[in-house]
Amino acid sequence: MTAQDSGKRSDYLSWDDYFMSVALLSAQRSKDPNTQVGACIVNRQKRIVGVGYNGFPTGCSDEALPWHREGDFLDTKYPYVCHAELNAVLNSVPGNLAGCSIYTALFPCNECAKVIIQAGIREVVYLSDKYAATDSFRASRRLFDQAGVVCRQLKPASRIVTITLDENG
Ligand SMILES: Nc1ccn([C@H]2C[C@H](O)[C@@H](COP(=O)(O)O)O2)c(=O)n1
Ligand SMILES: [Zn+2]
């Protein structure tokens with residue numbers, strides 16, 4: 001019997017698109033007004049073992065710290081925000097991340113690159129590389145290259161994934 005004869009749906013999400021969609025859905029939780037990033041860690045058995053998004057550390061109010069991009073360093077978000085990839089690693093189910101892949105909406109910065117490498121993650125799948133020209137992201141590339149972590153930009157099969165939160169489906 002062919003796939004067509006079986007009646008199976010043909011427009012289901014690929015694994016790559018599915019895991020990136022989970023990362024992007026997680027990003028919707030971010031309070032950052034400028035850039036919302038989500039990350040999803042997947043093990044070799046294609047099981048999701050951690051998700052995260054960019055936000056302030058637990059216990060630090062989303063209203064008491066600044067979300068600004070400019071101004072004195074201490075008056076911007078940068079010294080306070082935890083990146084999506086860091087949170088995905090820290091939120092992961094206790095165990096081993098060795099050999100896992102991380103799906104992230106935005107290519108990891110150098111600080112997250114160090115965490116990803118040290119956690120044993122071997123593949124980075126990203127959607128956007130909008131900060132590729134900055135030193136932080138150039139450093140990440142260098143770290144990943146040396147550590148043998150494979151990076152690939154996802155070219156999604158489906159550009160739009162629709163989720164309707166409606167009790168009638
Ligand atoms: N791979 C990345 C890159 C950035 N982030 C977070 C950190 C900030 O909340 C935001 C970047 O802010 P922007 O300079 O674009 O206003 O994105 C991350 O979680 N993961
Ligand atoms: Zn980072």
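All residue numbers refer to positions in the sequence shown, counting from 1. Whatever order the structure lists ligands and atoms in, that order sets their numbers, starting from 1.
The side chain to side chain contact (heavy atoms under 4.5 Å, CB included) with Phe107 is formed by just one residue from the set Ser136, Cys151, Cys112, Ser128; it is Cys151.
Considering backbone and side-chain N/O of Trp67, none are found under 3.5 Å from N/O of ligand 1. Not one N or O of Phe137 is nearer than 3.5 Å to an N or O of ligand 1, by distance alone. For ligand 1, the polar-atom distance check against Thr104 finds no nitrogen or oxygen pair separated by under 3.5 Å. Residue Lys130 places no N or O, backbone or side chain, under 3.5 Å from any N or O of ligand 1.
Between the SG atom of Cys112 and the SG atom of Cys109, the angle taken at the Zn ion (ligand 2) works out to 120° after rounding to 10°.
Counted within 6.0 Å of OH on Tyr18, heavy atoms from surrounding residues, nucleotides or ligands total 12 or fewer; the atom is thus considered open. Around the CZ atom of Arg138, the shell of radius 6.0 Å holds no more than 12 heavy atoms that belong to other residues, nucleotides or ligands. Within 6.0 Å of atom CD in Gln153, more than 12 heavy atoms from other residues, nucleotides or ligands are found, so the atom counts as buried in its surroundings.
For atom 12 (O) of ligand 1, the nearest non-hydrogen atom of the protein is Lys77 NZ, 3.0 Å. Nearest protein heavy-atom contact of atom 9 (O) of ligand 1 is Asp32 OD2, 2.7 Å. Of the protein's heavy atoms, Glu85 OE1, 2.9 Å lies nearest to atom 20 (N) of ligand 1. Protein heavy atom closest to atom 4 (C) of ligand 1, with residue, atom name and distance, is Leu106 CD2, 3.9 Å. The shortest contact between atom 6 (C) of ligand 1 and any protein heavy atom is with Asn54 ND2, 3.6 Å. Atom 11 (C) of ligand 1 has its closest protein heavy atom at Thr35 CB, 3.9 Å.
The contact set between ligand 1 and Phe107, taken as ligand atoms under 4.0 Å from a residue heavy atom, comprises 1 (N). Atoms of ligand 1 lying under 4.0 Å from at least one heavy atom of Ala84, given by number and element, are 18 (C), 19 (O). Under a 4.0 Å criterion applied to the non-hydrogen atoms of Asn34, ligand 1 contributes the atoms 13 (P), 15 (O), 16 (O). Atoms of ligand 1 lying under 4.0 Å from at least one heavy atom of Tyr131, given by number and element, are 13 (P), 14 (O), 15 (O).
Scanning both residues, Leu13 and Ser21, for their nearest heavy atoms gives CD1-OG, 4.3 Å.
Checked by atom type and distance alone, the side chain of Ser140 pairs as donor or acceptor with a backbone atom of Asn110 at under 3.5 Å. Between the side chain of Tyr80 and the backbone N or O of Leu74 there is at least one donor-acceptor pair closer than 3.5 Å.
Distances from atom 5 (N) of ligand 1 to the heavy atoms of Leu86, Asn110, Val81, Val37 show the closest one on Val37.
Distances from the Zn ion (ligand 2) to the N/O/S atoms of His83 are shortest for ND1.
At a cut-off of 3.5 Å, with distance as the only test, a side-chain donor of Tyr103 or Asp16 sits close to an acceptor on the other residue. Side-chain N/O atoms of Ser30 and Gln36 include no donor and acceptor closer than 3.5 Å.
Ligand 1 is never approached by Cys112 to a heavy-atom distance shorter than 4.0 Å. The closest approach between a heavy atom of Tyr78 and any atom of ligand 1 is below 4.0 Å.
In this structure the side chain of Leu86 reaches within 4.5 angstrom of the side chain of Leu90, judged on heavy atoms.
Counting heavy atoms under 4.0 Å from ligand 1, residue His83 touches it through both backbone and side chain.
In the hydrophobic cluster analysis, where Ile, Leu, Val, Met, Phe, Trp and Tyr join through side-chain heavy atoms closer than 4.5 angstrom, Val124 is grouped together with Val37.
Checked against the 6.0 Å centroid criterion, the rings of Phe56 and Trp67 qualify as a close aromatic pair.
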